[in-house]
Amino acid sequence: MTRGEEWLPPGVTPAQVADLLDRICASREFAQSGRMRRFLRFSVERALAGDRDSLKEYTIGVEVFDRPADYDPRVDSIVRVEARRLRRKLKSYYEHAGAKEPLRLTLPEGSYAPAIETCAPPVAGAASPPPAAADPAAIAVLPFVSLSSDPENEHFADGLTEELISTLAQAPPLRVVSRTSAFQFKNRADDVRAIGEQLGVSKVLEGSVRRSGASLRVTAQLVNVADGLHLWSQRFDRKFEDIFSLQEEIAGAIAGVLRVRLAPGPRPDWRPGSVTSASAIVHMLEGRHAMQRLTPASLRQAHECFQRAIAEDARFAAAYAGLAACLLQMSMFGDVNPASIAPQARMRIQQALDIDADIAWPYICLGFLKSAIEWDFPDAEDAYRKAIELHPGIADAHHYYATTLLAPLGRFEEAEEHLRAALAIDAGALVPNTGLAIVHYLRGDNEAALEQFETTLALDARYYGAHRMMAYALLQQGDASEAVQLLESAQSLAAGDSRLLAALGYAYGRAGRAAEAGAILEQLEETGKQRYVAAYDKVMVELGLGRLDSACRHLAAAIGECECWLLYTGTDPVFDPLRNHPAFRKIVARVLAGLAPG
């Protein structure tokens, strides 16, 4: 027996441990966390090489986390912090994907050397414990299948699925699985019983959509997860113009099967009072879908969709609200000047309210406008509260209230409360998940922030907003190399996005790579000659380079642009080097006092 095998239980081979390590690193818990994979692989591979004695805090800090040779673990707690995260991730793996693993890999408390335990096999003839009973009121609406090669029909099928989820979610005591969780099964042929077990539901709704000219056929089936039997099936043949009544009819039929009465409540989000054009609905749903990515390109696409919806139906309140929301997102994540966007957004909000003042989204947009661009926090809070009063079941109302008002004003506990309310509505929503991580970061809990960012990226590894903000938490924790690597890999997720590029410039500066940071600053200046580049983006690179006076000059220019991210000057630790700078203190005071330009 070699030294590398001495720590293994009898009968367990190094090859088995290596295979287990590969499975763990490919799991949802570890797939999006390069630092966790690196830490775990280093520890296990050193142990298999017979070098467990070298697995000390200093060695791991230098070899895994790229600390310098003079690294002092008494001052820098990076290894202890990451070891706690690693233990939590291993625990999560064995609670989910690794529940049936015959070997259990652990990192015992007080040690950085791994351990292997064998899991006892089931006793022959012993009865297996019954699986946990699924919630009888829980249902998953799987993505309806488009039986056509036309991409527009697929968008319509996805939109119908989303509207069914929204409608059923307002029918207590039904518990409806979120869109994100349900849509992971799109274009997959999993057995419905396996899907139900994975999602913890007792019923699954599935169906198909076929369109031929003005005729539409929707087929829906309600399946009992326990035995795979159909509880109900129905075909709906309608004209394409009957979309909303069709959605309501399907939802009502399902509720009848489940013996649940749809309780009266607030109208669904984005739902207009009356719509004359089914094509307008399709364009609106396409706009919603495109807006979720929050990249400059996706926001431009969403803008076009909402405009087409309004062109189809000038009395479509939901489309005006969608257009306002898109414009405001452009002011924060796009490549347009917020000062030029604000009047357009204000006009679209008012148009939506003139058509229907009893839907929530115009008030959400008004809250965003008042807080992020006009810095009128009292009026913004009134608008957000009005939106939540009208429809407490909209996750975005809670999210934007938390991230554009509560957190920037340092009301972190309230912000976290509203973000958790948003996640209770839709646990798989990327934006509130990222918002919760940002609140942890703002209050200085970088360990919790990183954990939450990884949770978000496990839902969708392509969501560049989580990559960008996660890099700031890594930098606050002193891991500049990991932050740079993260941002370099994220550039392709939002090609040409100046905000993401500026974050990389900031990280380069913090990592001591001044030449590369300077090159990005020059690139931003050149790009600014062709199209809008926010002064705030230049602020970030100057901060990374430690040029505080230049950063303040660009911040003054950002005020004239009504820059949304100025909201965070009072709470974001990235601005800590400027806290005692007289010019910066005046800027923060101006923002908090609500003295927006104009």
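Just so it is clear, the structure is predicted and the values come from calculations on it, not from any experiment.
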Practice item. Going by the side chain to side chain donor-acceptor pair (under 3.5 Å) test, name the single residue among Glu82, Glu447, Glu482 that passes it with Gln477. Key: Glu82
Practice item. Taking side chain to side chain contact (heavy atoms under 4.5 Å, CB included) as the test, write out the residues that go with Asp227, two or more places apart. Key: Asn224, Leu229
Check your understanding: What is the ring orientation for Phe39 with Phe65, classed by angle as parallel under 30°, tilted 30 to 60°, or perpendicular over 60°?
Key -> perpendicular
Check your understanding: Passes side-chain contact (heavy atoms from CB on, under 4.5 Å), Val439 versus Gln452? Steps please.
Key -> CA-CA 10 Å; Val439 169; Gln452 183 61 35; over 6 Å; no
Review point. Looking at CE of Met469 and OG1 of Thr456, how far apart are the two atoms once the value is rounded to the nearest 0.5 Å?
Key: 12.0 Å
Exercise for review: Kindly compute the distance separating CZ (Phe575) from CG (Leu543), expressed to the nearest 0.5 Å.
Suggested key: 6.0 Å
**Study point:** Residues which pass salt bridge (Lys or Arg N to Asp or Glu O under 4.0 Å) with Glu413, listed by chain and number, not counting sequence neighbours
**Key:** none
Check your understanding: Would Asp479 and Arg510 pass as an ion pair if we require N to O under 4.0 Å?
Key -> no
Check your understanding: Is the shortest heavy-atom distance from the side chain of Leu20 to the side chain of Ile116 under 4.5 Å?
Key -> yes
Practice item. Starting at CG of Leu21, measure out to CG of Leu40 and round the result to the nearest 0.5 Å. Key: 5.0 Å
**Study point:** Check against side-chain hydrogen bond (donor to acceptor under 3.5 Å, both in side chains), Asp537 and Ser498
**Key:** CA-CA 7 Å; Asp537 294 337; Ser498 298; 4.7 Å; no
Review point. Do the side chains of Tyr536 and Arg499 get nearer than 4.5 Å, heavy atoms only?
Key: yes
Check your understanding: Can you tell me how far NE2 of His399 sits from CD1 of Ile438, rounded to the nearest 0.5 angstrom?
Key -> 6.5 Å
Practice item. Hey, could you give me the CG/CZ distance between Leu436 and Phe453, rounded to the nearest 0.5 Å? Key: 9.5 Å
**Study point:** Heavy-atom donor-acceptor pair, Arg38 side chain to Val64 backbone, under 3.5 Å
**Key:** yes
Practice item. Report the C-alpha distance between Arg411 and Leu405 in whole Å, list the side-chain angles of each, state the deciding distance to 0.1 Å, and finish with yes or no for side-chain contact (heavy atoms from CB on, under 4.5 Å). Key: CA-CA 8 Å; Arg411 294 160 58 180; Leu405 192 144; 3.9 Å; yes
Review point. Quick one: ring pair (Phe, Tyr, Trp, His ring centres under 6.0 Å) partners of Tyr506, sequence neighbours excluded?
Key: Tyr472
**Study point:** Any donor-acceptor N/O pair, Arg87 side chain to Leu107 backbone, under 3.5 Å
**Key:** yes
Practice item. Any chance you could lay out the side-chain contact (heavy atoms from CB on, under 4.5 Å) test for Glu516 and Ile520, step after step, and finish with the verdict? Key: CA-CA 6 Å; Glu516 289 158 289; Ile520 285 179; over 6 Å; no
Review point. What closest approach, in Å, do Ala503 and Arg468 show between heavy atoms, and which atom pair accounts for it?
Key: CB-CG, 3.9 Å
Check your understanding: Checking Ser111 side chain against Pro108 main chain: does a donor-acceptor pair fall under 3.5 Å?
Key -> no
Check your understanding: Is there a donor-acceptor pair under 3.5 Å between the side chain of Arg80 and the backbone N or O of Pro73?
Key -> yes
Review point. With sequence neighbours left out, what residues match Arg104 under salt bridge (Lys or Arg N to Asp or Glu O under 4.0 Å)?
Key: none
Study note, to complete from the structure: Residue set satisfying ring pair (Phe, Tyr, Trp, His ring centres under 6.0 Å) with Tyr568, at least two apart, ordered chain then number -> Trp565
Review point. Mind checking what makes ring pair (Phe, Tyr, Trp, His ring centres under 6.0 Å) contact with His398, not counting sequence neighbours?
Key: His418
Distance-only criterion, 3.5 Å: show the donor-acceptor pairs between side-chain atoms of residues 483-490 and protein atoms not counting sequence neighbours.
{"from": "Glu488", "atom 1": "OE2", "to": "Tyr508", "atom 2": "OH", "distance (Å)": "2.7"}
{"from": "Ser489", "atom 1": "OG", "to": "Gln485", "atom 2": "O", "distance (Å)": "3.3"}
{"from": "Ser489", "atom 1": "OG", "to": "Leu486", "atom 2": "O", "distance (Å)": "2.8"}

Check your understanding: Ion pair present between Lys186 and Asp158, side-chain N to carboxylate O less than 4.0 angstrom?
Key -> yes
Check your understanding: So, Thr161 side chain and Phe144 main chain: donor-acceptor pair closer than 3.5 Å or not?
Key -> yes
**Study point:** Flag, side chain of Ser146 to backbone of Ala157, donor-acceptor distance under 3.5 Å
**Key:** no
Revision key, fill the gap. Applying ring pair (Phe, Tyr, Trp, His ring centres under 6.0 Å) to Phe42 and not counting sequence neighbours gives none
Point to revise | side chain to side chain contact (heavy atoms under 4.5 Å, CB included) involving Ser492 - partner list, sequence neighbours excluded | key: none
Exercise for review: Could you pull out all residues at least two apart from Val225 that satisfy side chain to side chain contact (heavy atoms under 4.5 Å, CB included)?
Suggested key: Val201, Val204
Exercise for review: Spell out, as yes or no, whether a donor-acceptor pair under 3.5 Å connects the side chain of Gln491 to the backbone of Leu500.
Suggested key: yes
Practice item. Kindly indicate whether the side chain of Met470, heavy atoms from C-beta on, has any atom under 4.5 Å from the side chain of Leu457. Key: yes
Exercise for review: Spell out, as yes or no, whether a donor-acceptor pair under 3.5 Å connects the side chain of Tyr94 to the backbone of Leu105.
Suggested key: yes
Review point. Any salt bridge between Arg193 and Asp191, counting N to O under 4.0 Å?
Key: yes
**Study point:** Residues which pass salt bridge (Lys or Arg N to Asp or Glu O under 4.0 Å) with Glu451, listed by chain and number, not counting sequence neighbours
**Key:** Arg85, Arg88
Review point. After noting the C-alpha distance and the side-chain angles of Thr118 and Val12, does the key distance pass the side-chain contact (heavy atoms from CB on, under 4.5 Å) rule?
Key: CA-CA 8 Å; Thr118 55; Val12 176; 3.8 Å; yes
Study note, to complete from the structure: Value for CG (Leu419) from OG1 (Thr434), rounded to nearest 0.5 Å, stands at 10.0 Å
Exercise for review: Would you mind reporting whether Leu299 and Met291 have side-chain heavy atoms less than 4.5 Å apart?
Suggested key: yes
**Study point:** Those residues that, when tested against Arg52, pass salt bridge (Lys or Arg N to Asp or Glu O under 4.0 Å) (two or more places apart)
**Key:** none
Review point. Can you tell me if Tyr71 uses its side chain to pair, donor with acceptor, with the backbone of Asp66 under 3.5 Å?
Key: no
